[in-house]
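Encoded as structure tokens, the structure appears first; notes follow it.
Predicted model, so just to flag it, every value in this text is computed and none were measured. Within every chain, numbering begins at 1; the chains are lettered A, B, ... in the order of the sequence lines, protein sequences first and strands thereafter.
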Amino acid sequence: MKYKSQAVAKPYFVFALILFVGQIVFGLILGTQYVIGDFLFPAIPFNVARMVHTNLLIVWLLFGFMGATYYLVPEESQRELHSPLLAWVLFWVFAAAGTLTIIGYLAVPYAKLAEITGNHLLPTMGREFLEQPTITKIGIVVVALGFLYNVGLTVLKGRKTVVNIVLMTGLVGLAVFFLFAFYNPSALTLDKYFWWWVVHLWVEGVWELILASILAFVLIKTTGVDREVIEKWLYVIIAMALISGIIGTGHHYFYIGAPEYWLWLGSVFSALEPLPFFMMMLFAINMVRRRRRNHPNRAATTWAIGCAVMAFLGAGVWGFLHTLAPVNYYTHGSQLTAAHGHLAFFGAYAMIVMAIISYAMPLMRGRVANNAQAQKLEIASCWLMSIGMLLITLFLTGAGVHQVMLQRWPESGEALAFMATHDALAGWFWARLAAGGLFTLGLIAYLVSFFVPQREVAPTEDAEAQTAAA
Amino acid sequence: MNRLTAIWIGLLVLTVASYVLGHGMSGAWLPLTVLALAAVKGQLVIDHFMELAHAPRLFRYAVSGWLFGVLGLMAVFETVV
Amino acid sequence: MSASPDVLTSQAVEPAEAKHLPGDLAMWFFILVELAAFGLLFASFAIARFLEPEAFAAGAETIHAGAGLANTLVLLTGSFFVARAVTAIRAGGVERCVNWLWAGVASGVVYAVIKFSEYGQLIGDGYNLRSGTFYFFYFFTTFFHLMHVVLGMIILVAVALRCRRGLYSAADHRGVETGASYWHMVDLVWLVLFPIVYVLL
Ligand code: HEM
Ligand code: HEM
Ligand SMILES: [Fe+2]
């Protein structure tokens, strides 16, 4: 750690991981409710658990991105953060708002929460991922503005690097597209149309910039490859992401009532969307192969490569699987969608946050890298979570294909009803739950790795030189 | 005459030719001829304007492959339909 | 592309005279993606025409092939101008290079004017993006291409301005080549688009 103010990243990372644990707890509840319908009913209905699971996911990723930014921007700009105090204040505001919202979800029925928070004044609630009460959404905007102001000034006053600029562009885009969460037209088609401007243009647009820049930062630091080379890759990846991802939004407009031409546009452009993820994978593998130094933090490299590979699988391969209109006609909103959503979110965004945490956390705790024992455990946890998630994905894919065969493929009356199909798929869902258990073991191992005693020195003789070079 | 100028004039002539063919005549051979003319023009641009004739082969193959792939696909549809 | 995992890092060691890729490698990757996007659009066009042959034949009757012809000639000429700009800078002719580049930009302007008058006529005749699959493809593909012409013009203007400031020379003119390569790509795409949309139907 070169600048004192980088340390504000720490509370963001810690809180992100706490929320991650919460997300997985609710994932396990959901997985159980899938096979034991009235599990925890009426205390925690499925819809509430689902909302908590997905909202915690988004919020912990946002905490992770913010932490990553606070860590990365001063180092890239070569100056202290404009205002560490503001960063701390916003941390508490965001953490309090997030916690209160989750408590609200769990303590009162959703309709009641809407009433209490005055949803009728500016109705924005009730849509997947955007369930937060309107005041929470306003709070998010305030936090985002303060955050952008703080890091924006730092970037403007300091050294401008491609990593910095790409990251800032991504973050500004994230905030701008979130504004569509306030647009809530009553026509269902219009509502969905712009809902995707938040959801799709986030994960397949501006978040990709955030992902690529954090990945580039970690790789610059751990491999010592020339910045110039890495920046060139970054340009290529960004260009590919934007040219495919923006019009690629059309892959959600096939059957929602939007004009028919989206069948063509969505299919053509989203078919190109795997390219940036493919390039990112080549990029990561290539940089590590060409590394100029062996950074003692091997765990961070593992996360970085794992992230690039799993993101390509989840977004690139599993996304492509159902992105062509004739295929999506049968698979829309099936278990296949869930398979893809899980692997993509985990591979791309959960893993990039863990990659930067893995790199930055030891430095913030006063060492270049954790000792061999802690790293071994961390790397094992990376593998466990990845394998757990791959199994979840495979079982859900099996369930999805089976579901399509039973429920959607048959042309006439022999198609199975929704609930009957659900029962027929129970085997897959049990298997998914078991895989979720494996994933949870990985998560526990990961958390434990932070507490492995660090009596011995980090496994490098020239640790000082390494930090200096980094 | 400069090499580039010659190629430029050649391209203009081929373009007018393909237009006249397409709009003045008919026949089973016509679509394939028009596509073949486009392939020749495209390859001229690739080799002499884009200068891929002297570039690492991978790039020449990729761009020429694109040209012939797309036109070839059109030709298949022309002859099948 | 998959065959070239390390191409991005190996450019520096290529022997200069033997094999020369004009312009920046990153630009070439961008060009390949652009070509892929257009390629998929053309393939979709072929499939759509296969599905609705009558509608496509009827639609083709209504578009203005003459404008397409004129624009092909304009773009080819623009490409020629820009190729001359590259030759000029290689010989150290900074001023000539700038002039050829402006000529290239001018060709883009002419192209855009013709394109818009073509759109104006069609829209006046009552056709638009939503008049059926044929018109969707016609309007979208040509407009998407027009956007690329505009981007190409912006790049050429930037290169011309930098050239005028003396940033390029016989020894160092990679930026000119980079801009030129993009511009030729836009031309190449049109050479395929022209017969498919304006001539064959
Ligand atoms: C990291 C990037 C990505 C993430 C995090 C992600 C996540 C998701 C999620 C959560 C959904 C479900 C949304 C809902 O609730 O309806 C979804 C749907 C979808 N995704 Fe992605 N995705 C990513 C990239 C991609 C890519 C690259 C493609 C295409 C190549 C793709 C294709 C699709 C399609 C077609 C759907 C709609 C499925 C349906 O009709 O039910 N995704 N994605
Ligand atoms: C123990 C592991 C997990 C289990 C058992 C689990 C289970 C579930 C279940 C049952 C749903 C609801 C699906 C439905 O509506 O039918 C869901 C939704 C979702 N989960 Fe998980 N989850 C787990 C971990 C994760 C992780 C690690 C991530 C991402 C990093 C994640 C991201 C999501 C997303 C994005 C959705 C919404 C999907 C959509 O809209 O299609 N989950 N999860
Ligand atoms: Fe999407």
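Residue contact with chain A, scored on non-hydrogen atoms closer than 4.5 Å, involves the backbone and the side chain of C:A48 alike. In this structure, the portion of C:T133 lying under 4.5 Å from any heavy atom of chain A is its side chain and not its backbone. Of the two parts of C:F38, neither the backbone nor the side chain holds a non-hydrogen atom closer than 4.5 Å to a non-hydrogen atom of chain A. The contact between A:I247 and chain C is made entirely by side chain atoms (from C-beta outward), counting heavy-atom distances below 4.5 Å.
Counting non-hydrogen atoms of other residues, nucleotides and ligands closer than 6.0 Å to CD of C:E52 gives a total above 12. For CZ of A:R227, the number of neighbouring non-hydrogen atoms (other residues, nucleotides, ligands) closer than 6.0 Å is greater than 12. In A:F320, the CZ atom is not crowded: 12 or fewer heavy atoms of neighbouring residues, nucleotides or ligands sit closer than 6.0 Å. Around CZ of C:R164, the count of heavy atoms belonging to other residues, nucleotides or ligands within 6.0 Å does not exceed 12. Residue A:Y235 qualifies as open at atom OH: its count of foreign heavy atoms under 6.0 Å is 12 or below. Other residues, nucleotides and ligands contribute more than 12 heavy atoms inside 6.0 Å of the CZ atom of A:F194. Counting heavy-atom neighbours within 6.0 Å of C:F143 CZ, excluding the residue itself, gives a total of 12 or less.
The CG atom of C:L32 sits 10.0 Å away from atom CG of A:L275, with the distance rounded to the nearest 0.5 Å. Remark: C:F137 CZ to A:W264 CH2 distance equals 4.5 Å, nearest 0.5 Å. Taken to the nearest 0.5 Å, the CH2 atom of A:W233 stands 6.5 Å off from the CZ atom of C:F29.
Using bins of under 30°, 30° to 60° and over 60° for the plane-to-plane angle, the ring pair C:F140/A:F269 lands in the perpendicular bin.
Contact between A:V268 and C:A37 at its shortest, heavy atoms only, is CG1-O, 4.1 Å.
Across C:L41, C:L40, C:I47, the residue that shares the most heavy-atom pairs under 4.5 angstrom with chain A is C:L40.
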